[in-house]
Amino acid sequence: MVRFSLIAFLKTILNEGLIGAMDEVGKKFSEGELFVPEMLMAAQAMKGGLGILKPLLAEGTTESKGTVVIGTVKGDLHDIGKNLVAMMMEGAGFNVVDLGVDVEAAKFVEAAQANKAKVVALSALLTTTMPAMQATIDAIKEAGLAVKTIVGGAPVTQAFADQIKADGYSDDAPGAVELARKLIAA
Ligand code: B1M
């Protein structure tokens, strides 16, 4: 019961406090009211906030549910959503190998092999870097890895995920965790 209300409280902080504020920053950037330095400052503040939430979300999980290799695809430097997915995966009991940002397809393949990953999770925030998701999934399939691929990020849709033959798509971090659970169980 106590754990349930803590999680509900953390969700409110995340969705209404951190993510809500970041959406506002994005809107103001589009309208020419904020610029890249302000987006960077907002990103730093968001990282600080996530750092505080992370240990609370991870509390009480013991047994590993398998390894998830995660990263933001080649050409893309956005990592807040990816970090959020990684944090929630850890909180749900997955072992997470985070490759960071601007990650080449070959690096995902290498890491998935080396860590015997069950899931490779790709994030992209730019329409221009969405094709790098396709390249990564193609490379994973060419390498013949028995790993599930999931994709997400603001411009990514279910239709795009289907088009590039990803195993799954989620529009948010909790959904990505659910997806990973289902794909591993299937
Ligand atoms: Co960037 N940027 N940015 N930026 N930036 C966006 C994405 C943009 C929409 C802003 C805008 O125009 N309104 C726009 C993209 C337009 C487009 O392509 N359609 C944009 C642009 C244009 C750019 C630059 C090109 C700007 C420039 O230099 N002129 C440049 C590109 C650099 C590059 O990557 N090569 C750039 C740079 C930056 C900063 C470095 C300054 C900074 C990033 C800092 C960092 O990440 N460390 C930044 C920021 C902060 C943003 C906004 C404001 C916020 C992004 C964010 O962190 N949101 C963003 C506008 C916006 O999104 N409102 C914007 C909060 C985060 C929690 O949400 O990442 O969407 P998000 O994650 C969500 C879901 O998408 C999902 O889960 C999360 C919620 O639970 N999700 C997944 C994400 N990954 C997932 C993976 C999954 C499943 C779900 O499974 C694997």
Side-chain angles (χ1 to χ4, degrees), residues 7 10-51 53-54 57 67-92 94 96-104 108 111-112 117-134 136-137 140 147-158 160-161 164 166-184:
I7 290 193
L10 295 178
K11 265 191 181 167
T12 308
I13 295 175
L14 263 177
N15 295 332
E16 292 173 28
L18 299 176
I19 297 177
M22 201 50 115
D23 284 345
E24 201 55 35
V25 170
K27 226 181 282 162
K28 287 195 170 13
F29 177 75
S30 298
E31 290 161 359
E33 210 181 308
L34 293 182
F35 300 93
V36 171
E38 281 97 354
M39 283 211 288
L40 270 173
M41 284 163 67
Q44 282 303 106
M46 178 104 184
K47 276 188 181 169
L50 291 182
L53 297 187
K54 188 175 169 173
L57 277 170
T67 297
V68 176
V69 166
I70 191 168
T72 304
V73 296
K74 178 83 190 138
D76 201 319
L77 303 177
H78 295 85
D79 68 355
I80 295 171
K82 183 265 297 168
N83 292 345
L84 198 50
V85 175
M87 191 175 100
M88 292 206 160
M89 291 275 187
E90 272 179 16
F94 289 96
V96 175
V97 177
D98 187 347
L99 302 179
V101 296
D102 190 20
V103 182
E104 300 261 6
F108 280 107
K118 290 190 174 170
V119 175
V120 172
L122 309 175
S123 181
L125 262 287
L126 300 170
T127 44
T128 51
T129 57
M130 287 164 70
M133 285 184 151
Q134 165 105 65
T136 306
I137 289 176
I140 289 169
V147 65
K148 301 291 185 187
T149 52
I150 65 174
V151 294
V156 181
T157 60
Q158 181 66 61
F160 179 73
I164 64 172
D167 293 305
Y169 158 79
S170 167
D171 66 351
D172 64 12
V177 173
E178 258 328 288
L179 195 57
R181 276 200 190 113
K182 277 193 198 141
L183 287 170
I184 287 175

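In each ligand, atom 1 is the first atom listed, and ligand 1 is the first ligand listed. In this chain, numbering begins with 1 at the start of the sequence shown.
- Per-atom contact check: atom 9 (C) of ligand 1 does not touch the protein, criterion being a heavy-atom distance below 4.0 Å.
- Of the polar atoms of Ala173, at least one N or O is found under 3.5 Å from an N or O of ligand 1, judged by distance alone.
- Among protein heavy atoms, the minimum distance from atom 56 (C) of ligand 1 is reached at Met22 CG, 3.7 Å.
- With salt bridges taken as basic N to acidic carboxylate O contacts below 4.0 Å, none links Lys182 and Glu178.
- Using a 4.0 Å cut-off to heavy atoms of Ser30, the atoms of ligand 1 that qualify are 11 (C), 12 (O), 13 (N).
- For the side-chain contact (heavy atoms from CB on, under 4.5 Å) with Val97, the qualifying choice from Val68, Val120, Val69 is Val69, the only one to do so.
- Side-chain contact between Ile80 and Leu84 is absent, with no heavy-atom pair separated by less than 4.5 Å.
- In terms of protein heavy-atom proximity, atom 84 (N) of ligand 1 is nearest to Ser123 OG, 2.8 Å.
- Here the CD1-CD1 distance, from Ile150 to Ile70, works out to 7.0 Å after rounding to the nearest 0.5 Å.
- Of the protein's non-hydrogen atoms, Thr127 N, 3.0 Å is the one closest to atom 18 (O) of ligand 1.
- Near Gly75, meaning under 4.0 Å from one of its heavy atoms, ligand 1 places the atoms 33 (C), 34 (O), 35 (N).
- Taking every non-hydrogen atom of Ala121 and a distance limit under 4.0 Å, the qualifying atoms of ligand 1 come out as 91 (C).
- Among protein heavy atoms, atom 76 (C) of ligand 1 sits closest to Asp171 O, 3.5 Å.
- Here the closest heavy-atom approach between residue Tyr169 and residue Ala161 is recorded as CB-CB, 3.6 Å.
- With Gly81, Ala21, Ala180 as candidates, the residue nearest to atom 68 (O) of ligand 1 on a non-hydrogen basis is Gly81.
- With waters left out, the protein N, O or S atoms under 2.8 Å from atom 1 (Co) of ligand 1 add up to 1.
- Heavy-atom contacts of Gly153 reach the following atoms of ligand 1: 75 (O), 81 (N), 82 (C), 83 (C), 84 (N), 85 (C) (cutoff under 4.0 Å).
- For atom 59 (C) of ligand 1, no protein heavy-atom neighbour is found at a distance under 4.0 Å.
- With contacts defined as side-chain heavy-atom distances shorter than 4.5 Å, the pair Val101/Asp76 does not qualify.
- Residues Thr72 and Leu125 form no side-chain contact, since every pair of their non-hydrogen atoms from C-beta on lies 4.5 Å or further apart.
- Contact annotation: the side chain of Val177 approaches that of Arg181 to within less than 4.5 Å [non-hydrogen atoms, C-beta and beyond].
- Nearest protein neighbour of atom 85 (C) of ligand 1, counting heavy atoms only, is Gly152 C, 3.4 Å.
- Looking only at side-chain heavy atoms (C-beta outward), Asp98 and Glu90 stay at 4.5 Å or farther from each other.
- In this structure, atom 41 (C) of ligand 1 has a protein heavy-atom contact shorter than 4.0 Å.
- Checking side-chain atoms of Asp172 against main-chain N and O of Gly175 turns up a donor-acceptor pair under 3.5 Å.
- For atom 91 (C) of ligand 1, the nearest non-hydrogen atom from the set Val73, Leu122, Leu40, Ile70 comes from Leu122.
- Close approach of ligand 1 to Asp76 is summarised as follows: ligand atoms under 4.0 Å from at least one heavy atom of the residue are 34 (O).
- Which parts of ligand 1 touch Ala154 is read off a 4.0 Å heavy-atom cut-off, strictly below it: atoms 70 (O), 75 (O).
- Summary of contacts: the protein heavy atom closest to atom 45 (C) of ligand 1 is Asp79 OD1, 3.4 Å.
- At a threshold of 4.5 Å between non-hydrogen side-chain atoms, the residues Ile137 and Leu122 count as touching.
- Distance from atom 89 (C) of ligand 1 to its nearest protein heavy atom, with residue and atom name: Ser170 O, 3.4 Å.
- Of all protein heavy atoms, the one lying nearest to atom 44 (C) of ligand 1 is Ala43 CB, 3.5 Å.
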Quick one: side chains of residues 31-44, donor-acceptor pairs under 3.5 Å with protein atoms, not counting sequence neighbours, listed by atom name and distance.
{"from": "Glu38", "atom 1": "OE1", "to": "Phe35", "atom 2": "N", "distance (Å)": "2.8"}

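- When heavy-atom distances to ligand 1 are checked against a 4.0 Å cut-off, Ile80 comes that close through both its backbone and its side chain.
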